[in-house]
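To keep things clear, I will list the structure first and then write my remarks on it.
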Amino acid sequence: NKSRLRLSFLSGWTGVLLEQLEGSQDPLTPQTCAENSLEDILGASGAWPFKDVLREVISECFWFLKYPSSRLAADHVQVVRDFVLQDEELIRQFHNRTLQWLHEHTSRTGPWWRDAVMSVDLLRAHSQFSDCIRAFIRARVKEPVAIFVRELENMCALRTLADLSEHAPGAREKRLREIWFKLCEELVEMRAPTPREPECFPYHRQLQRLRLPFAAYFADLIDESRELYLQSGDNLARRRGDVLSAAQARVGIENWQYLSEHSQDYAVDLIVLRLTAVPLPQDLQLQFVEPFLRWRREYALEGQFDRLFELHEFVWHNADKLQTMLRLLAATPSALFDFDAVCKESARLADSMEHTLERARTVVQICCSTVITQKAAPVETDGKWFAVARRGHSAARLGLPGTG
């Protein structure tokens with residue numbers, strides 16, 4: 001009989017994958033994943049606490065923001081990243097936001113780990129079940145964390161909280177920390193798209209360090225009334241009242257009172273936000289603008305109108321001239337003049353809005369004359385006198401009539 005007996009030794013058998021012959025010490029076992037939800041896994045006493053996952057993904061979450069290419073930006077990211085991992089209350093905020101986002105964006109048609117074990121890419125990249133699950137959890141957690149970081153950074157909020165928590169905070173700092181977390185719950189929305197590649201999120205700020213929680217958010221809201229204020233019209237008093245009412249409606253009465261109670265800090269924050277688009281360190285900008293702020297505080301105390309609104313009104317009228325002066329100071333090499341002397345010389349003219357232009361011309365005269373006197377000794381400016389003079393002259397011409 002030439003017929004052959006064909007036997008299938010695979011029929012009735014079940015395939016079993018043995019990752020290793022020894023017992024595993026990793027808590028993320030198939031049984032653990034099957035018996036616990038992802039929220040339980042990430043809990044404080046879970047198999048992989050959220051704080052440990054955050055430590056692994058937080059650095060990459062900052063990479064999705066397109067920061068300026070500078071050493072200052074790198075230092076900023078390092079400071080806020082380290083702070084996030086050290087502040088327990090902030091970690092809880094990240095944890096809650098992550099769980100909320102996962103709840104809204106996770107399929108309910110099957111177990112949470114199904115996508116991990118069904119992913120060919122994950123299975124190919126990892127030889128063990130626990131490694132595959134960890135990679136899956138990291139990817140899921142990274143998305144909401146990156147979105148939350150993006151929202152907070154574009155409000156300058158993380159650095160503010162880090163500065164408030166530095167050293168031993170006093171009563172003021174503790175109070176502002178409470179306000180920070182309250183406003184975070186009310187204002188920050190997880191509305192950014194899912195990050196797909198490095199630097200996919202725009203960064204709209206200039207690495208400013210603000211004193212008040214979410215001052216950038218409220219400043220943007222109030223400035224939405226700027227166009228209405230600058231519209232031509234004869235009845236300025238009525239227009240001011242309408243713009244004030246519109247601004248208060250956007251911000252909310254409770255938040256408007258919060259800003260008014262801290263109006264001095266808010267004044268500094270507003271100046272920092274609106275005048276830092278020039279290559280001059282923030283501390284020097286504040287030193288130069290401080291006489292204006294001091295005069296504005298004295299002027300507001302004497303007036304009958306809202307001091308918070310008057311501060312924005314002042315910036316709307318004078319931001320261009322102030323930026324021009326700061327550009328000129330930034331364009332002139334610091335080795336050629338005494339910055340303190342320039343501030344002292346120009347501060348005497350900061351007693352009224354009408355003198356803003358005169359003060360600007362004083363700064364132009366000081367800086368340009370300083371550069372011109374170096375023509376006889378170009379070695380002191382590394383032989384780049386013409387480039388320095390051209391930069392200073394260009395900065396002077398921006399927005400200052402009669403300085404061309």
Side-chain angles (χ1 to χ4, degrees), residues 67-68 70-73 75-76 79 153-157 159-160 162-163 203-212 215-216 218-220 222-223 262-297 311-351 353 355-368 370-371 388 391-392 394-400 403:
Y67 289 101
S70 65
R71 178 64 184 178
L72 184 62
D75 293 340
H76 167 85
V79 169
E153 280 290 81
N154 276 301
M155 295 181 181
C156 300
R159 190 56 185 261
T160 299
D163 290 342
Y203 180 66
H204 303 296
R205 303 300 176 182
Q206 299 290 331
L207 304 172
Q208 296 100 329
R209 300 178 63 174
L210 306 184
R211 301 183 180 186
L212 284 186
F218 293 121
D220 291 344
I222 297 175
D223 278 352
H262 302 86
S263 58
Q264 293 189 19
D265 289 331
Y266 180 74
V268 173
D269 287 348
L270 182 62
I271 292 297
V272 168
L273 286 167
R274 299 298 177 252
L275 302 183
T276 49
V278 292
L280 193 69
Q282 179 174 317
D283 57 337
L284 295 182
Q285 295 183 38
L286 289 176
Q287 180 182 348
F288 182 78
V289 180
E290 170 57 28
F292 281 115
L293 297 180
R294 185 170 59 250
W295 168 76
R296 288 302 304 168
R297 288 194 294 268
L311 176 62
H312 276 265
E313 187 178 28
F314 170 77
V315 172
W316 293 341
H317 280 293
N318 298 280
D320 292 342
K321 292 188 281 290
L322 291 172
Q323 282 185 332
T324 299
M325 290 184 275
L326 292 173
R327 288 193 193 101
L328 183 58
L329 291 172
T332 307
S334 58
L336 300 185
F337 68 98
D338 185 347
F339 185 85
D340 294 336
V342 173
C343 293
K344 182 178 180 180
E345 176 66 20
S346 60
R348 61 184 180 83
L349 300 174
D351 56 351
M353 277 198 243
H355 286 161
T356 304
L357 183 59
E358 183 179 348
R359 187 185 188 203
R361 287 174 174 155
T362 300
V363 173
V364 170
Q365 180 180 3
I366 292 174
C367 293
C368 289
T370 300
V371 175
V388 171
R391 289 194 343 250
S394 298
R397 293 183 62 185
L398 293 175
L400 292 183
T403 58

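Each residue takes its place number in the sequence, starting with 1. Because the structure is predicted, anything quoted here is derived from the model rather than measured. Only this structure's heavy atoms are used, side chains among them; waters, hydrogens and symmetry mates stay out.
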Worksheet entry | Contact summary for Tyr67 and His76, nearest pair of heavy atoms | CE2-CD2, 4.1 Å
Worksheet item: At their closest point, which heavy atom of Arg205 faces which heavy atom of Cys156, and how far apart are they?
Response: CG-SG, 3.5 Å
Practice prompt. Hey, could you give me the NE2/CE distance between His204 and Met155, rounded to the nearest 0.5 Å?
Written response: 10.5 Å
Item to complete: Considering non-hydrogen atoms only, spot the tightest contact between Val289 and Ile271 and give its length.
Response: CG1-CG2, 3.7 Å
Worksheet, complete the sentence: In short, Leu207 meets Ser70 closest at the heavy-atom pair CD1-OG, 4.5 Å
Practice prompt. Report yes if some heavy atom in the side chain of Trp316 is under 4.5 Å from a heavy atom in the side chain of Arg274; otherwise report no.
Written response: no
Discussion item. A side-chain contact here means heavy atoms from C-beta on lying under 4.5 Å apart; do Gln206 and Leu273 qualify?
Written reply: no
Discussion item. Could you check whether Gln208 and Asp269, counting side-chain N and O atoms only, form a donor-acceptor pair closer than 3.5 Å?
Written reply: no
Worksheet entry | Salt bridge Asp265-Arg209, side-chain N to carboxylate O under 4.0 Å | no
Practice prompt. Could you pull out the closest heavy-atom pair between Ala215 and Tyr266, with the gap in Å?
Written response: O-CE1, 4.0 Å
Worksheet item: Gln287 versus Asp340: any side-chain heavy-atom pair under 4.5 Å?
Response: yes
Response to the item:
Exactly one of Leu212, Leu275, Leu311, Ile222 clears side chain to side chain contact (heavy atoms under 4.5 Å, CB included) with Leu270, and that residue is Leu311
